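The next block holds one structure in the form of C-alpha cells; read it before the comments.
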Number of protein chains: 2
Amino acid sequence: MQEPPSSTPEGSLIDPEVHVESFRQAREARRLELVEDYVELIADLIGDGGEARQVDIAARLGVAQPTVAKMLKRLAEDGLVQQRPYRGVFLTASGEALAAQSRERHRIVERFLCALGVSPETARRDAEGIEHHVSAETLDAFRRFADGRSNA
Amino acid sequence: MQEPPSSTPEGSLIDPEVHVESFRQAREARRLELVEDYVELIADLIGDGGEARQVDIAARLGVAQPTVAKMLKRLAEDGLVQQRPYRGVFLTASGEALAAQSRERHRIVERFLCALGVSPETARRDAEGIEHHVSAETLDAFRRFADGRSNA
DNA sequence: GCATAAGTATAGCTATTGCTATATTCGACT
DNA sequence: AGTCGAATATAGCAATAGCTATACTTATGC
Ligand SMILES: [Mn+2]
Ligand SMILES: [Mn+2]
Ligand SMILES: [Mn+2]
Ligand SMILES: [Mn+2]
C-alpha cells in the first residue's frame, strides 16, 4: 500500500515521509509547551510581585502544588530556574531568555487573533494553546497582519 | 494592565481565576489531540486505500507499531474504532463523525495560513498542531478570512 | 516567645505516550 | 502444502504530568 505513481482512488493523502514531518513537529512542540508556560508565568509573577511562589503558579495553572513542585525540580535540572527551599523560584539567564521569547510570541499570537476579529476572551484562551505551535515564519505573518490592521 | 485597585508595580498579569481558564482549555485540547489525529488519519487511509493498517498509521505518525496498537485499543474502548485482530481498523459512527469534524477544521486552518501568506510547507506543519487549539469562534474567523481572500 | 496558619517537600499512586524485544499470525509464493 | 517475510500482539520499561495525603518549615499574630 504505497503507490508512488498514481493509481489510488481518493487522494487526500500526501507522501508519508512529508506527512510525518508535521506530526514530528507537533509532538516536539507539545513536549515544550509546559516548559514555556512555566517560565513565562514565572517571569510574569516576578515582574508583577517580585517573586514566584508555588501556590501562585499552581493557582494560575489550575493544578495542585505538588505538581508544580515536581515540574520546578525538572526546570532546575534543565538549568532554567533556580529554587531555594521553602522560598520562591527564580529564572536563570537561559530561563529568562526562554521566558522573554515565549512571552513575545504569546503576545503576538493573542494580538493577531484580536486583529482578526476574534473576541478578546476567546483570543486569550485560544492563544494559550496556539502559541506553542506557531513557527517563526507564521509568527512573522501574524505580526505583519496585526501591525497592518492597527496602522490602517 | 489589569489592577482594579492599583498597588502592585508591574501589571502584566490578569486575574488568577480568568488566567486559569486559558490553561484549562489548553490542557483539555492537548488531551484530545492524539485522538483527533488518529481518527482523521484512519479516515484518510480508508478513503485512500480502502483500509487502515497499523504499519501505515505508524509510518505517517512517525511512531513505532506497538505505540499504534496500544492507542487503537484505547480508541476501541472509547467506541471510536472497531478492530479485527491481524486486520485493519475501521471507524464507528462516532469515530467517523469526529474524523469528519477534525478533518474539516484541519483543512480550514491550513487554508487560512496559506491565505495569510505562509508558505504551503509551513502551513502544513503548523496546522498539524494549531488545529487542536482553535475554538469554534476562531475557526469561523479563519474561514471568513480565507474565503474573503480567495474571492477577492 | 509561641501557637497557628500558610506554604513547601516528599511519598506514593494513576494515566498517558512513547520505546524495544519477542512471540504469534497472516499472506504470498514456490 | 509448506516456507518465509511482513504484519500484529504482547510484555515490559521509561518519562511525563497529574493527583491525594502527610510531614516539615516559615511567617504571622498575639
Ligand atoms: Mn504563553
Ligand atoms: Mn501556553
Ligand atoms: Mn489533523
Ligand atoms: Mn494534528
Side-chain angles (χ1 to χ4, degrees), chain A residues 1-3 16 20 22-42 45-46 49-78 80-90 128-129 132, chain B residues 16 20 22-39 41-42 45-46 49-78 80-90 128-129 132:
Chain A
M1 334 306 180
Q2 204 66 348
E3 324 290 332
V20 79
S22 306
F23 285 117
R24 285 195 201 283
Q25 174 177 307
R27 263 200 310 280
E28 177 66 10
R30 214 172 48 206
R31 203 177 60 83
L32 301 176
E33 265 185 51
L34 259 188
V35 172
E36 292 168 351
D37 283 339
Y38 265 83
V39 295
E40 184 186 346
L41 177 54
I42 290 167
L45 283 169
I46 291 176
E51 62 177 2
R53 307 298 302 237
Q54 291 188 12
V55 269
D56 298 317
I57 297 172
R60 290 192 176 264
L61 291 180
V63 299
Q65 168 264 324
T67 299
V68 173
K70 195 186 292 185
M71 179 60 61
L72 291 182
K73 198 173 291 178
R74 220 190 81 198
L75 295 180
E77 285 168 2
D78 294 353
L80 292 170
V81 307
Q82 188 182 354
Q83 51 181 345
R84 290 179 310 176
Y86 291 98
R87 291 277 154 52
V89 65
F90 302 93
E128 192 59 73
H132 309 283
Chain B
V20 79
S22 307
F23 284 117
R24 285 196 200 282
Q25 174 176 307
R27 264 201 310 279
E28 177 65 11
R30 214 172 48 206
R31 202 176 61 82
L32 301 176
E33 266 185 50
L34 259 188
V35 172
E36 292 168 349
D37 283 339
Y38 265 84
V39 296
L41 178 54
I42 289 167
L45 284 169
I46 290 175
E51 62 178 2
R53 306 299 299 239
Q54 291 188 13
V55 268
D56 298 317
I57 297 172
R60 289 191 177 264
L61 291 180
V63 299
Q65 169 265 324
T67 299
V68 173
K70 196 184 294 186
M71 180 60 62
L72 291 183
K73 198 172 292 179
R74 219 191 80 198
L75 295 179
E77 285 168 2
D78 294 354
L80 292 170
V81 307
Q82 188 182 356
Q83 52 180 345
R84 292 178 309 174
Y86 290 98
R87 290 276 155 50
V89 67
F90 302 93
E128 193 58 74
H132 309 283

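Computed from heavy atoms alone, side chains included, the values below leave out hydrogens, waters and symmetry copies. Just so you know, these numbers come straight off a predicted model, no measurement behind them. In what follows, chains are A, B, ... by sequence order, proteins preceding strands, each numbered from 1.
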Check the surroundings of atom CD in E51(A): do more than 12 heavy atoms from other residues, nucleotides or ligands lie under 6.0 Å from it?
yes

The reported gap from CG in L34(B) to CE in M71(B) (rounded to nearest 0.5 angstrom) is 4.5 Å

Taken in chain and number order and not counting sequence neighbours, the residues that satisfy salt bridge (Lys or Arg N to Asp or Glu O under 4.0 Å) with R24(B) are none

Whole-Å distance, E51(B) CD to dT8(D) C1', equals 13 Å

Check your understanding: Got F23(B) and V63(A) here, is their nearest side-chain heavy-atom distance under 4.5 Å?
Key -> no

D78(B) atom CG is separated from dA15(C) atom P, nearest whole Å, by 13 Å

Electrostatic pair E28(B):R31(B) at N-O distance under 4.0 angstrom
yes

Nearest-nucleotide check on DNA chain C, V63(B) vs L72(A); residue mapping nearer the 5' end is L72(A)

Report task. Carefully, step by step, assess R74(B) and E77(B) under the rule salt bridge (Lys or Arg N to Asp or Glu O under 4.0 Å). Result -> CA-CA 5 Å; R74(B) 219 191 80 198; E77(B) 285 168 2; over 6 Å; no

With sugar-phosphate taken as primed atoms, P, OP1 and OP2 and all else as base, the protein-contact string of nucleotides 9-17 of chain D at under 4.0 Å (heavy atoms; B, S, -) is BB-B---SB

Here the distance between atom P of dT16(C) and atom CD of E36(B), to the nearest Å, is 16 Å

